[in-house]
Amino acid sequence: MSTEPLVVFEAIDKFYDGSTKVVDNLHLQIERGEFLTLLGPSGSGKTTILMMLAGFEAPSRGTILFDGKPLNNVPTYKRDFGIVFQNYALFPHMTVAENLAFPLRMRGIGKSEITDRVRRTLDMVKLGALGDRMPTQLSGGQQQRVALARALVFEPRMVLMDEPLGALDKQLREHMQLEIKRLHEELGIAMLYVTHDQSEALTMSDRIAVFDKGRIQQIGAPEEVYANPTSTFVASFMGENNRLDARVRELRDGVALLQVAEGGPVIHALPVDAGLAAGASATLMLRPESLHIGRKEGAENACAGRVTDLVYHGDHVRLGVTIEGMGTLVARYPVDDRGPAVAPGDTLTVSWSARHMRAFAG
Ligand SMILES: Nc1ncnc2c1ncn2[C@@H]1O[C@H](COP(=O)(O)OP(=O)(O)OP(=O)(O)O)[C@@H](O)[C@H]1O
Ligand SMILES: [Mg+2]
């Protein structure tokens, strides 16, 4: 098998109006068999990128290569991609089985093979018994599975999905995330997936490309992007963070010592940007789950604080801990079978490692 990437976006710009770059100099490769997710806030250009790959929109500048060949003049139907959108758009006047047969008939496949493939694909998405139903007789999740089956049935060269689970409730969405992931592993086919839901991206992807304003802000494996964000944008978009303004006092052994406020505690943090020399202003980010209640062995940072807020979430509580000269930090605290051992008004020590607190320039 070829080792060159399946898809290459080369210096892609997209304008709709001649002035605003909706996609700005995109360089992106999708590997064979990869599950790549485009993650970003509304309007960051995700759908536009998918539409350009699908052939529904043309790039304003640059080239998209598929299997080493430019796609510029290849019409949508010849690209042979399975596509799933948020509003699944099944043909309402056709049964489930006929919906799946449609792309096969378009490709001139014979009757018996169509019957065969439709049955196999319906089984794959666990809808084997519902082939004769009309789309209106299905639940939202079942309709979405039909849409997925219809995108897979003709053995496409790649699958593109744009917020395919957006219309489903949380439980069904989480179930379908695992279903899609299972299908991806089973079929080994490359998938490009668009979502603005960071937990969905973390659950499903081999790699995540985090977008803002038409540009990739960071790309990498889920663990990498979550644990080592390279900007405050990515840090705050991927999960929750405590955010503090500070000033660098000095750098010592690769750790930044920072002052949060006049007379406040000195904080140890991992510098992320090269510009963090002594005197520079910095933004500190710390995830609630990285804040330890009590004194953690080896933690460089420990402060006394008072519990000013406590919200129960079943498996954990969220504490607001107010530290003098620093403000209030949010901590996640696991609840064991004795229930939360802290109460509002308690004073306690919180501690955290320098490597869990990231210092960004500015
Ligand atoms: N057909 C169009 N004509 C003009 N502007 C458009 C068109 N489609 C999208 N845009 C603009 O391009 C930008 C990117 O839109 P896009 O749909 O790619 O964002 P997105 O990341 O998919 O957002 P969402 O999460 O809301 O779906 C937006 O500012 C949008 O208003
Ligand atoms: Mg979109």
Side-chain angles (χ1 to χ4, degrees), residues 7-30 34-64 66 71-72 75-76 79 81-90 140 143-144 147-148 151 158-170 172-174 176-177 180 190-205 207-220 222 225-226 229 231-240:
V7 176
V8 181
F9 290 89
E10 262 179 11
I12 299 289
D13 285 349
K14 178 66 180 177
F15 312 89
Y16 286 106
D17 61 1
S19 66
T20 327
K21 273 192 193 174
V22 164
V23 175
D24 187 359
N25 194 26
L26 175 67
H27 289 265
L28 174 64
Q29 304 190 343
I30 305 172
E34 176 175 39
F35 196 114
L36 178 72
T37 297
L38 309 183
L39 173 71
S42 183
S44 56
K46 308 178 298 291
T47 295
T48 302
I49 292 166
L50 190 121
M51 289 300 191
M52 289 191 288
L53 181 56
F56 296 119
E57 287 288 346
S60 309
R61 191 179 74 96
T63 312
I64 305 174
F66 189 89
L71 278 180
N72 299 37
T76 297
R79 296 190 185 192
F81 298 150
I83 302 174
V84 189
F85 294 115
Q86 174 169 2
N87 51 346
Y88 15 88
L90 299 175
Q143 290 183 40
Q144 195 52 283
L148 188 60
M158 182 171 181
V159 177
L160 315 181
M161 289 185 259
D162 193 352
E163 309 258 5
L165 309 181
L168 306 181
D169 68 44
K170 185 173 181 291
L172 198 50
R173 204 163 64 225
E174 285 170 0
M176 283 297 296
Q177 289 168 5
I180 294 174
M191 295 190 174
L192 181 64
Y193 193 93
V194 167
T195 183
H196 61 263
D197 179 339
Q198 51 104 13
S199 81
E200 187 161 297
L202 289 170
T203 308
M204 301 180 76
S205 320
R207 281 194 307 157
I208 302 173
V210 185
F211 275 84
D212 190 33
K213 302 188 178 78
R215 285 174 164 272
I216 296 181
Q217 305 296 321
Q218 191 170 351
I219 182 165
V225 175
Y226 186 83
S231 64
T232 52
F233 173 80
V234 175
S236 37
F237 198 72
M238 302 295 290
E240 199 192 354

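Computed over heavy atoms, backbone and side chain alike; hydrogens, waters and symmetry mates excluded. Order of appearance sets the numbers: ligands from 1, and atoms from 1 within every ligand.
Within 4.0 Å of atom 30 (C) of ligand 1, not a single protein heavy atom is present. Counting protein heavy atoms under 4.0 angstrom from atom 18 (O) of ligand 1 gives one or more.
Backbone and side-chain nitrogen or oxygen atoms of Gly43 are examined, and one is located within less than 3.5 angstrom of a nitrogen or oxygen of ligand 1. Residue Gly40 has no nitrogen or oxygen atom sitting less than 3.5 Å from a nitrogen or oxygen atom of ligand 1, judged on distance alone.
The parts of Thr47 lying near ligand 1 are both backbone and side chain, judged by heavy-atom distances below 4.0 Å.
Side-chain N or O atoms of Thr195 include one that pairs as donor or acceptor with a backbone N or O of Asp197 at under 3.5 Å.
Here the protein heavy atom with the shortest distance to atom 13 (C) of ligand 1 is Val22 CG1, 3.5 Å. Scanning the protein for heavy atoms near atom 26 (O) of ligand 1, the closest one is Ser42 OG, 2.6 Å. If you check which protein heavy atom lies closest to atom 15 (O) of ligand 1, you get Thr48 OG1, 3.8 Å. Here the protein heavy atom with the shortest distance to atom 6 (C) of ligand 1 is Tyr16 CD1, 3.1 Å.
Considering OG of Ser205 and CE of Met191, their distance stands at 12.0 Å, rounded to 0.5 Å.
Counting only heavy atoms from C-beta outward, the side chains of Glu163 and Thr47 never approach each other to under 4.5 Å. The shortest side-chain heavy-atom distance between Tyr16 and Glu57 falls under the 4.5 Å cut-off. Using a 4.5 Å heavy-atom cutoff, the side chains of Phe9 and Ile30 are in contact. Residues Phe35 and Ile180 meet the side-chain proximity criterion, which asks for heavy atoms closer than 4.5 Å.
Between Asp212 and Ser44, the shortest heavy-atom contact is CA-CB, 4.0 Å.
With a 6.0 Å radius and a threshold of 12 heavy atoms from other residues, nucleotides or ligands, Lys21 has its NZ atom above the threshold.
One of the N, O or S atoms belonging to Thr47 lies under 2.8 Å away from the Mg ion (ligand 2).
The option with the heavy atom closest to atom 25 (O) of ligand 1, from among Lys21, His196, Lys46, is Lys46.
Within ligand 1, the atoms closer than 4.0 Å to a non-hydrogen atom of Pro41 are 21 (O), numbered from 1 in the order shown.
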